[in-house]
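When a residue number appears, it is its place in the shown sequence, counting from 1. Whatever order the structure lists ligands and atoms in, that order sets their numbers, starting from 1.
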Amino acid sequence: MKLNDLQTTTRWTLAGRAGKMNPSVIREILKVTERPGIISFAGGLPSPKTFPVSEFRFACEKVLRDDGPAALQYAASEGYGPLREMVAAMLPWNVDPARVLITTGSQQGLDLVAKVLIDTGSRILVETPTYLGALQAFTPMEPKVVSVASDAEGVDVDDLAAKAAATATSGAARFLYVLPNFQNPTGRTMTEARRAALSRRAAEIGLPLVEDNPYGDLWFDAPPPAPLTARDPEGCIYLGSFSKVLAPGLRLGFIVAPKAVHPKLLQAKQAADLHSPGFNQRMVAEVMKDGFLDRHVPTIRALYKSQRDAMLVALKREMQGLDVQWNTPDGGMFLWVRLPQGMTAIELLPKAVEKGVAFVPGAPFYAGEADPRCLRLSFVTATVEQIDTGIGALAAAIRAMGSQG
Ligand SMILES: Cc1ncc(COP(=O)(O)O)c(C=O)c1O
């Protein structure tokens with residue numbers, strides 16, 4: 001070790017919470033799978049074909065021409081007023097724009113929620129499985145993350161009630177983090193009956209809900225049931241995003257929070273980044289002002305639906321004779337697959353990459369005990385031809401692994 005290294009290692013003492021921060025397992029996997037020639041179903045990226053580049057070029061020019069200095073100045077932490085009003089107007093319940101906080105992606109929303117609601121040792125509840133990025137945002141605050149049993153219709157409400165209650169060693173759970181629409185990673189959607197039951201039970205036991213809904217607009221045949229927040233706005237924090245309906249590079253999302261929490265989220269936001277980029281917010285408001293999303297989002301739905309259909313057809317054809325199960329998501333970007341008994345997705349991945357296809361193993365998405373047979377496939381960034389070839393390669397890898405016993 002050189003003297004310099006020695007001084008560096010001894011001079012810095014990391015905070016305890018830094019030890020809880022881990023590189024996203026998915027990003028690590030993606031590094032391996034982004035080799036040229038690999039068909040990747042692994043990423044969580046929207047299709048770049050859906051990005052409205054020319055609308056943004058026009059909006060960029062207009063914002064700079066009409067409002068340049070203000071767009072480039074520091075701005076209010078709450079967000080750009082007209083954009084907050086548009087967000088309030090597009091949500092399907094009565095939202096006061098004063099309760100809308102524009103965030104730097106909904107990922108920042110998760111980070112702010114963690115800072116404002118979690119103490120060291122607080123219990124928080126999550127679905128089984130859940131969004132890995134939320135676990136990454138929550139864990140540095142050192143909560144006890146408890147996985148609630150979940151099935152194809154969403155969380156099991158009785159298990160939730162049992163796990164929410166205060167225990168001998170800890171107070172009641174701080175919140176349930178829940179993704180009712182086209183969930184990441186499973187693609188599943190919570191049914192109307194389950195939402196009603198969850199909303200009722202959460203109100204009865206006084207459990208707050210954090211509802212994350214970045215995919216809700218990307219439905220294929222029919223819109224999903226109303227958000228949980230619409231049923232009980234004072235009992236829920238709602239997180240939304242412009243990433244999947246416009247573009248993730250804008251880094252814009254929003255939080256709608258109850259009166260009791262909104263001011264603290266705002267103060268946490270001030271500490272985090274003062275405000276989300278005002279220039280981007282003005283461009284988004286400019287792009288959206290004439291009902292653009294009403295014309296644009298249906299084109300994303302149609303594209304993603306055709307890709308989901310292609311993947312379902314390919315799975316049916318290629319997985320014949322293999323004990324592989326998968327679901328049929330009604331929207332969003334992901335499909336959830338379960339491998340035959342005795343096979344694990346982690347072991348399959350290198351063999352699939354050898355055959356030219358990549359996916360994300362499901363295990364990192366579990367806060368508790370993982371189902372090692374599960375994996376996530378994204379159907380939105382590959383072409384229909386690549387989907388055909390890629391699912392064929394995946395089936396070949398599963399067959400080869402099965403025959404090795
Ligand atoms: C469930 C979920 N929540 C939040 C995010 C973060 O989205 P963004 O920060 O781009 O709004 C993602 C991104 O993939 C996601 O899948």
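- In terms of protein heavy-atom proximity, atom 6 (C) of ligand 1 is closest to Ser106 OG, 3.4 Å.
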Could you walk me through whether Asp330 and Thr189 pass the side chain to side chain donor-acceptor pair (under 3.5 Å) check? CA-CA 7 Å; Asp330 297 323; Thr189 296; 4.9 Å; no
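- The ring of Phe138 has its center closer than 6.0 angstrom to the ring center of Phe175.
- Of all atoms in ligand 1, numbered sequentially from 1 with element shown, those under 4.0 Å from a heavy atom of Ser241 are 8 (P), 11 (O).
- In terms of protein heavy-atom proximity, atom 5 (C) of ligand 1 is nearest to Tyr131 OH, 3.4 Å.
- With respect to atom 10 (O) of ligand 1, the closest heavy atom belonging to the protein is Ser243 OG, 2.6 Å.
- Ranking the protein heavy atoms by distance from atom 1 (C) of ligand 1 puts Leu179 CD2, 3.1 Å first.
- Of all protein heavy atoms, the one lying nearest to atom 3 (N) of ligand 1 is Asp212 OD2, 2.6 Å.
- In this structure the side chain of Leu315 reaches within 4.5 angstrom of the side chain of Leu335, judged on heavy atoms.
- In Tyr215, the part holding a heavy atom less than 4.0 Å from any atom of ligand 1 is the side chain.
- The shortest heavy-atom contact between Asn327 and Thr186 is ND2-O, 2.8 Å.
- Among the atoms of Thr104, none of the N or O lies under 3.5 angstrom from an N or O of ligand 1.
- Within the 4.0 Å heavy-atom shell around ligand 1 one finds Pro214.
- Ligand 1 does not have Gln108 within reach: every non-hydrogen atom of the residue lies 4.0 Å or more from it.
- In this structure, Gly253 does not count as a contact residue of ligand 1, since none of its heavy atoms falls inside 4.0 Å of the ligand.
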Test side chain to side chain donor-acceptor pair (under 3.5 Å) applied to Lys163 and Ser147, step by step: CA-CA 9 Å; Lys163 288 179 173 158; Ser147 231; over 6 Å; no
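- At distances below 3.5 Å, at least one donor-acceptor pair connects side-chain atoms of Arg195 with backbone N or O atoms of Pro225.
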Go through the steps for Glu211 and Thr229 under the test side chain to side chain donor-acceptor pair (under 3.5 Å), then give the verdict. CA-CA 7 Å; Glu211 178 173 30; Thr229 310; 2.6 Å; yes
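- For atom 13 (C) of ligand 1, the closest heavy atom belonging to the protein is Lys244 NZ, 3.2 Å.
- At least one heavy atom of Arg251 sits less than 4.0 Å from an atom of ligand 1.
- Looking only at side-chain heavy atoms (C-beta outward), Leu394 and Glu318 stay at 4.5 Å or farther from each other.
- Counting heavy-atom neighbours within 6.0 Å of Arg17 CZ, excluding the residue itself, gives a total of 12 or less.
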